[in-house]
Amino acid sequence: MTSRGPSLYGRLAGVITLVLAIGALVLGWAAWLYARVAADEAFDRLLVGAALQIAESVATEPGRVTVDPPISAFETLALATDDRIFYRVTDPAGDSLTGQDDLASARKQGRPGREPVLADGTYRGFPVRIVTLGRYVTGPGVDGWVEVTLAQTRLARLDLARDLTLKSLLLVLGMSVLALVALLLAVRVALRPLQAVQAVIAARDPKDLQPVEIEAPREVAMLVDSINHFLGRLAERVGGMERFIADAAHQIRTPLTALAAQVDLLSTENRADRRRQQMARVRERIEQLGRLTSQLLSHAMVIHRREVVRLGPVDLVPVAQAALKEAVPLSLDRDIRVAFEPAEPSLVIRGDRVSIGEVIANAVHNAIRHGAPGLLALRLSRDGEEALVEIVDDGPGIPPAHWDEVVKPFVRGASEAAGSGLGLTIVADVVLAHGGRLTFRQDPTGHFVVSLRFPLLAPAEDATRLTEDAA
């Protein structure tokens, strides 16, 4: 019984949700990085502008440099009410003119210049953004670079970055939810043909093995084709079984009816000689019924193995020898010379060992029962790329006009009035299933020959398969 796992819709929904969630996390992280960069760029412009205003306020007097930072330079930065501002202005000698004396320059090396230098740092325990730029001044007794350093804490930057990230995340989440809903609806619509196939099959009568006729997309159509192929094989198998059961019931009914009649006659017969005749007939009917039952079971077994057994390397020589020993009874009502004549020490084919042994035994038994008054020979040889198994007897054989008919189920030859009509049918079915041929002929000595031909394995394949089989 097939265990029920998660539904296909549930699996697809889970995968889509996981992909969208991972995508939202990645986009959220990217939005946070972008927001940090955007906030830094916006506040850096304000910071650099304020530093330029302070630099513009630098003036010279005889022998010294003066600076008067304008209030407007700090007003713009003061819009970020939670941030603190620090600054320092140094003269060409490096002495502080104004501001915090311990505020470090953003310029770590190199000579001062007009281009602003930006850097992150820490001042008095606060994370800050620092800008440093220079202005060259000349005057009476004064000549050199004045350096302006301005720092601002990062609280407003972080608030702006968080605000931009939150808005971006809301947009990403909104789009992800819409995409999830759209995809789930698309999956539901895409899986609808499967539900239609399930409904069509569930509504069918158990005896209806006709192909499923339903319009479906290409992917689902492949599944429908597979189902139809299976239904075709099942219909063929069931049809064969029904025909076999019907034929078998018909064939068994006749000897059973005859046996019942013989038993009725026996129960009313008083004369000893007549009772012995009736008992002989009863035994004959029982033997006939036993043979028919055995052949029916053999035929059923061969049909079953043909469908389920995997073919492997089989050496015909030992299989044929074992089948001959099994098929020839220990005692016969006539003196028959039995010969086993293998022309090759080994003849390997690809097949089912049990079925091949069964068909050889059937062919031998058929020759003993309906022919072979004095000779039965089982010969094995190689004929080109084929292995040849020949059952030879000195009986009258089967007339050529009946060769095509005797391989059909329950069709008896002219000398098979008491047979089941299944022996050669089993032989023909198995030989055909192995890619071989069943033929009949009269040899020059007048003996009747039943020939079974099987394709031989190639030498390299032969050795490989036998090694694998032994392992």
Side-chain angles (χ1 to χ4, degrees), residues 1-27 172-247 299-312 350-352 355 408-409 425 428-437 455 457-458 461 465 468:
M1 181 177 180
T2 303
S3 59
R4 288 182 176 270
S7 68
L8 186 58
Y9 178 80
R11 292 180 182 180
L12 290 173
V15 171
I16 292 172
T17 302
L18 179 62
V19 171
L20 290 177
I22 294 174
L25 290 176
V26 172
L27 290 176
V172 169
L173 290 176
M175 293 300 297
S176 297
V177 170
L178 289 177
L180 178 61
V181 172
L183 287 172
L184 292 180
L185 288 175
V187 170
R188 180 71 73 180
V189 173
L191 294 179
R192 192 169 296 167
L194 290 177
Q195 298 174 350
V197 173
Q198 185 271 338
V200 169
I201 295 177
R204 282 195 161 206
D205 186 275
K207 297 180 180 179
D208 185 4
L209 298 179
Q210 294 299 315
V212 176
E213 298 292 342
I214 185 172
E215 184 177 354
R218 182 187 311 165
E219 294 79 6
V220 180
M222 296 172 62
L223 173 62
V224 175
D225 290 342
S226 299
I227 293 174
N228 287 337
H229 178 67
F230 173 76
L231 288 176
R233 292 178 58 192
L234 184 60
E236 181 180 354
R237 186 76 180 273
V238 171
M241 291 177 60
E242 290 176 346
R243 290 190 299 271
F244 178 79
I245 292 172
D247 291 341
H299 194 198
M301 181 270 293
V302 166
I303 293 174
H304 171 73
R305 294 184 66 87
R306 183 176 59 192
E307 295 290 336
V308 300
V309 174
R310 182 179 179 183
L311 302 184
R350 188 169 68 91
D352 173 24
S355 296
K408 297 179 180 179
T425 300
D429 286 348
V430 173
V431 172
L432 183 62
H434 284 74
R437 293 174 294 154
L457 288 179
E461 186 182 10
R465 288 183 179 274
E468 293 175 352

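Owing to the predicted nature of the structure, the values given are computational and were not obtained by experimental measurement.
- Other residues, nucleotides and ligands place more than 12 heavy atoms under 6.0 Å from the OH atom of Tyr9.
- Partners of Ile227 under the side-chain contact (heavy atoms from CB on, under 4.5 Å) rule, at least two apart in sequence or in another chain, are Val197, Ile201, Val212, Leu223, Leu231.
- Proximity of Asp352 to His434: side-chain heavy atoms (C-beta onward) are separated by under 4.5 Å at one or more points.
- With sequence neighbours left out, the side-chain contact (heavy atoms from CB on, under 4.5 Å) criterion links Leu432 to no other residue.
- To the nearest 0.5 Å, atom OG of residue Ser176 and atom CD1 of residue Ile22 are 12.0 Å apart.
- Arg437 is linked by a salt bridge (Lys or Arg N to Asp or Glu O under 4.0 Å) to Glu386, counting only residues two or more places apart in sequence or in another chain.
- Residues Val172 and Met175 form no side-chain contact, since every pair of their non-hydrogen atoms from C-beta on lies 4.5 Å or further apart.
- A donor-acceptor pair under 3.5 Å is absent between the side-chain atoms of His229 and the main chain of Asp225, judged by distance alone.
- Summarising the geometry of Ala13 relative to Leu184, their closest heavy-atom pair is CB-CD2, 3.4 Å, with the distance given to 0.1 Å.
- Under the salt bridge (Lys or Arg N to Asp or Glu O under 4.0 Å) criterion, Asp208 pairs with Arg204, sequence neighbours left out.
- In this structure, CG on Leu180 lies 4.5 Å from OG1 on Thr17, to the nearest 0.5 angstrom.
- Rounding to the nearest 0.5 Å gives a distance of 11.0 Å between CG of Asn228 and CG of Leu209.
- Residues forming a salt bridge (Lys or Arg N to Asp or Glu O under 4.0 Å) with Arg188 (at least two apart in sequence, or on another chain): none.
- Taking Pro455 as the reference, nothing meets the side-chain contact (heavy atoms from CB on, under 4.5 Å) condition, with sequence neighbours excluded.
- Shown are Asp429, Val431, Leu311, Val430; of these, the side chain to side chain contact (heavy atoms under 4.5 Å, CB included) with Ser355 is made only by Val430.
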